[in-house]
Number of protein chains: 2
Amino acid sequence: MSGPPRTAQDVIESFAIDRASPIPLWFQVAQHLEQAIAAGDLPQGTLLDNEIALAQRLGVSRPTMRRAMEQLVSGGLVARRRGIGTRVIQPKVRRPLELTSLHDDLSAGGQQPSTAVLRFETVAADAEVAARLDLDERAPVVCIERLRSALDRPIAMMTNYLPAALVTFEAEDLTDTGLYELLRRSGLRLHSAAQTLGARTATAAEARRLGEARGAALLTMERVTTDDQGSTVEYATHLYAASRYSFEINLVR
Amino acid sequence: MSGPPRTAQDVIESFAIDRASPIPLWFQVAQHLEQAIAAGDLPQGTLLDNEIALAQRLGVSRPTMRRAMEQLVSGGLVARRRGIGTRVIQPKVRRPLELTSLHDDLSAGGQQPSTAVLRFETVAADAEVAARLDLDERAPVVCIERLRSALDRPIAMMTNYLPAALVTFEAEDLTDTGLYELLRRSGLRLHSAAQTLGARTATAAEARRLGEARGAALLTMERVTTDDQGSTVEYATHLYAASRYSFEINLVR
DNA sequence: CAGTGGTCTAGACCACACC
DNA sequence: GTGTGGTCTAGACCACTGT
């Protein structure tokens, strides 16, 4: 049922660009190109036309076309070389991952995560939490403790502190939805997260809770997350059963 | 000894832009701004002039000024809001970190790393290595095993596989210089690294080598690194003594 | 040499925030 | 309203690559 082979020119000319849309033109162009590469319409190794020709073909200016290309380069989908041209490279199954949370990770992996909220209350920040969140001591913060399970086995103990003003949701929302997703829904735009990943052996109590043997290896994670306005949004300390969870991280540049 | 307080305008007008330099103008502008923020000449909370005024003041066009600003935004140094302006935010000591290696990490931390090269030889890729490096089986690869110490105590066992064609250095070079640095010197531009971080307890042999107790927690890291042309450059499996090393990672966006 | 991406310019119009 | 950043255009020159 596959149609006749299409040239790269044909594929690109078929892109539908909507100038009335609030989505920037360069982003629409980039999206179409990413999709065409992912779908195999622009196979690995394809040498694209030069910027000017592509821009004309799509009816946009060269800077707009360039902006779209820069997006693809930073995503590792094409390689550009001066004097040579732009070539499609391996559409590797690199996970795009950047700022995600465990819930997102597990959902994407089809692991059907479930979450038990063990604690959800507003408290006064102690010295440590205040320092991490860049707040005054005794400022109101919400402390959240959750036990995350996958396939009905516990996999992580998670403690999070957030400035009370940011918590526009309730404990029940956390059973179905990840914390990051809830923050995004309230209009927060996350910018960066500084994480420290380490390991240690489990105490008896931790092993019991996570269903691991005593002395089992645990992954530890400490994280401070910042929004695009430079405000600190979250301080988290998590504990993972290392036998059943590992972090996948993609660093770019 | 500090001079009279300078206004943001004064600070910015003092930037020296070199139009003859091969360094792009927008990058020069961004560097000057980053430095001024780091030095406290543009303190946290400063509201900068609008783009057009700044561009005029520095003698560049508005798109060039914008490119510099975008650099600062992605670095988390300023926040921009439409209709409001551009404000300097916390010059937090976020490590810029991106693609670094353990050697760089330790050097930056003043830990005086030393490295013993245990193995450095060209072998035929087995199925696993070939798959990770995207090579044919039995293709020539260089296998490197190193023991990295800090302050004279072993801290990591590192195994790396590289396509033989990329190895333009010798075993001795690795005692003084990190692997990533050597690759960069040979003209390689690294683009992304997919890492998996996990943990497990040490075997007797591993514990002995790393100077840890039997059953101690180890951090494990597996990594595939790619250059800006989409070629796979390195496959690594590392083992860290978790009692003395943890990963610090900055995720952006 | 001709062709490519890399950089820069001088304008324009728009969406949004505050008064 | 006015002022801000966000987007887009049409052109120009340069540096690098391969012939």
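To find a chain, count down the sequence lines: A is the first, B the second, and so on, and within it residues start at 1.
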Output yes when at least one side-chain N/O atom of A:N50 is less than 4.0 Å from OP1 or OP2 of C:dT4, else no.
-> yes
Footprint string (nucleotides 9-19 of chain D, 5' to 3'): B base within contact, S backbone only, - free, heavy atoms under 4.0 Å = BB-B--BBSS-
Taken to the nearest whole Å, CE/A:M69 to P/D:dC8 is 16 Å
Considering only distance and modelled atom types, tabulate donor-acceptor pairs under 3.5 Å from the side chains of residues 74-82 of chain A, sequence neighbours left out.
{"unit_1": "A:S74", "atom_1": "OG", "unit_2": "A:Q71", "atom_2": "O", "d": "3.1"}
{"unit_1": "A:R80", "atom_1": "NE", "unit_2": "A:T86", "atom_2": "OG1", "d": "3.0"}
{"unit_1": "A:R80", "atom_1": "NH1", "unit_2": "A:E51", "atom_2": "OE2", "d": "2.9"}
{"unit_1": "A:R80", "atom_1": "NH2", "unit_2": "A:E51", "atom_2": "OE2", "d": "3.0"}
{"unit_1": "A:R80", "atom_1": "NH2", "unit_2": "A:T86", "atom_2": "OG1", "d": "3.3"}

Quick one: side chain to side chain contact (heavy atoms under 4.5 Å, CB included) partners of A:A55, sequence neighbours excluded?
-> A:V60, A:M65
What is the distance from CG of A:D49 to P of C:dT4, rounded to the nearest Å?
-> 8 Å
Is any side-chain N or O of B:T86 closer than 4.0 Å to OP1 or OP2 of D:dT4?
-> no
Identify, with sequence neighbours excluded, every residue that meets side-chain hydrogen bond (donor to acceptor under 3.5 Å, both in side chains) alongside A:R138.
-> none
Closest listed nucleotide, where the reference is the side chain of B:R80 and the choices are D:dG5, C:dG6, D:dC8 | D:dG5
For atom CD of A:E70 and atom C1' of C:dT4, their distance in whole Å | 15 Å
Residues that B:F27 engages under ring-ring contact (aromatic ring centres under 6.0 Å, His included), provided they are two or more places apart | none
For A:Y161, enumerate each residue passing the side-chain hydrogen bond (donor to acceptor under 3.5 Å, both in side chains) test, keeping only those at least two apart in sequence or located in another chain.
-> none
